[in-house]
Amino acid sequence: VRPGGTKSVGILCFVPLDEASSFNLYAIDKLQDHLHNAGLSVHVHAGTQYASQNYGQALERLVQGSPATAWVLIGSTTGTVRWFLDRKIPIFVALTPRKMNELPSLSLDVEAAYRHAVGLFVMHGHRRIALVLPRPVPTAVRTKDDADKVRNWKTAVAPHRATPGFSER
């Protein structure tokens, strides 16, 4: 609680809101409603700078300039979570595919969501189903070992044309 007794929560999304998924936007909207109904002031912040290589500086500016005393992190990285924990800032980690047993968090079972989606498609008669995802971008290369991992990762990812069953139309 900041001076004056106002309880304030910051919601931090790691992509600009105009690029966030409709699911994330829905979750942020519902979270805002619930927090406001609980008598809390809510401040939403979003941007890629909070997940960039210099995320520490961006987070430092954000936290110093915000009245929030606790934060909800939407889809955060482990580095960002560690940054908040190191400063003993209360956080709730939401919509992460990683299990965070040591923290209050809501993780997503992405595999179950994919199975459910495929099941719905099949139930509606679809038989040719493809999952199209952007290629993951490796995090910053800090050591020679990291560079080797990135090099191995790049060669291990087969282009889509080499995938069995793929045909270009």
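One is the number of the first residue; the rest follow in order along the sequence. Computed over heavy atoms, backbone and side chain alike; hydrogens, waters and symmetry mates excluded.
- Counting heavy atoms from C-beta on, the side chains of V93 and I74 never come closer than 4.5 Å.
- When hydrophobic clusters are built by joining Ile, Leu, Val, Met, Phe, Trp and Tyr residues whose side-chain heavy atoms come closer than 4.5 Å, directly or via intermediates, Y114 is not grouped with V122.
- Between I89 and T69 there is no side-chain heavy-atom pair separated by less than 4.5 Å.
- Listed by chain and residue number, P16 satisfy the side chain to side chain contact (heavy atoms under 4.5 Å, CB included) test with E19 (two or more places apart in sequence, or in another chain).
- Side-chain contact between K7 and S41: absent, with no pair of heavy atoms (C-beta onward) separated by less than 4.5 Å.
- Within a 6.0 Å sphere centred on NE2 of H36, other residues, nucleotides and ligands contribute more than 12 heavy atoms.
- Residues Y55 and T80 are in side-chain contact: their nearest non-hydrogen atoms beyond the backbone lie under 4.5 Å apart.
- For A20, the side chain to side chain contact (heavy atoms under 4.5 Å, CB included) partners at least two apart in sequence or on another chain are C13, V15, N24, L25.
- Residues passing the side chain to side chain contact (heavy atoms under 4.5 Å, CB included) test with A58, sequence neighbours excluded: Q49, Y50, R61.
- Aromatic ring pairs are classed by plane angle as parallel below 30°, tilted from 30° to 60° and perpendicular above 60°; the pair W71 and H45 is tilted.
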Which side-chain N or O atoms in residues 26-35 pair as donor and acceptor under 3.5 Å with protein atoms at least two apart or in another chain?
none

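- Residues passing the side chain to side chain contact (heavy atoms under 4.5 Å, CB included) test with L85, sequence neighbours excluded: V81, R82, I91, L103.
- Shortest non-hydrogen contact noted between V72 and A94 is CG1-CB, 4.1 Å.
- Under the 4.5 Å side-chain heavy-atom criterion for ILVMFWY residues, no single connected hydrophobic cluster contains both F23 and V118.
- Residues passing the ring-ring contact (aromatic ring centres under 6.0 Å, His included) test with H124: none are found, sequence neighbours excluded.
- In this structure the side chain of L59 reaches within 4.5 angstrom of the side chain of F84, judged on heavy atoms.
- Between R127 and F121, every side-chain heavy-atom pair lies at or beyond the 4.5 Å cut-off.
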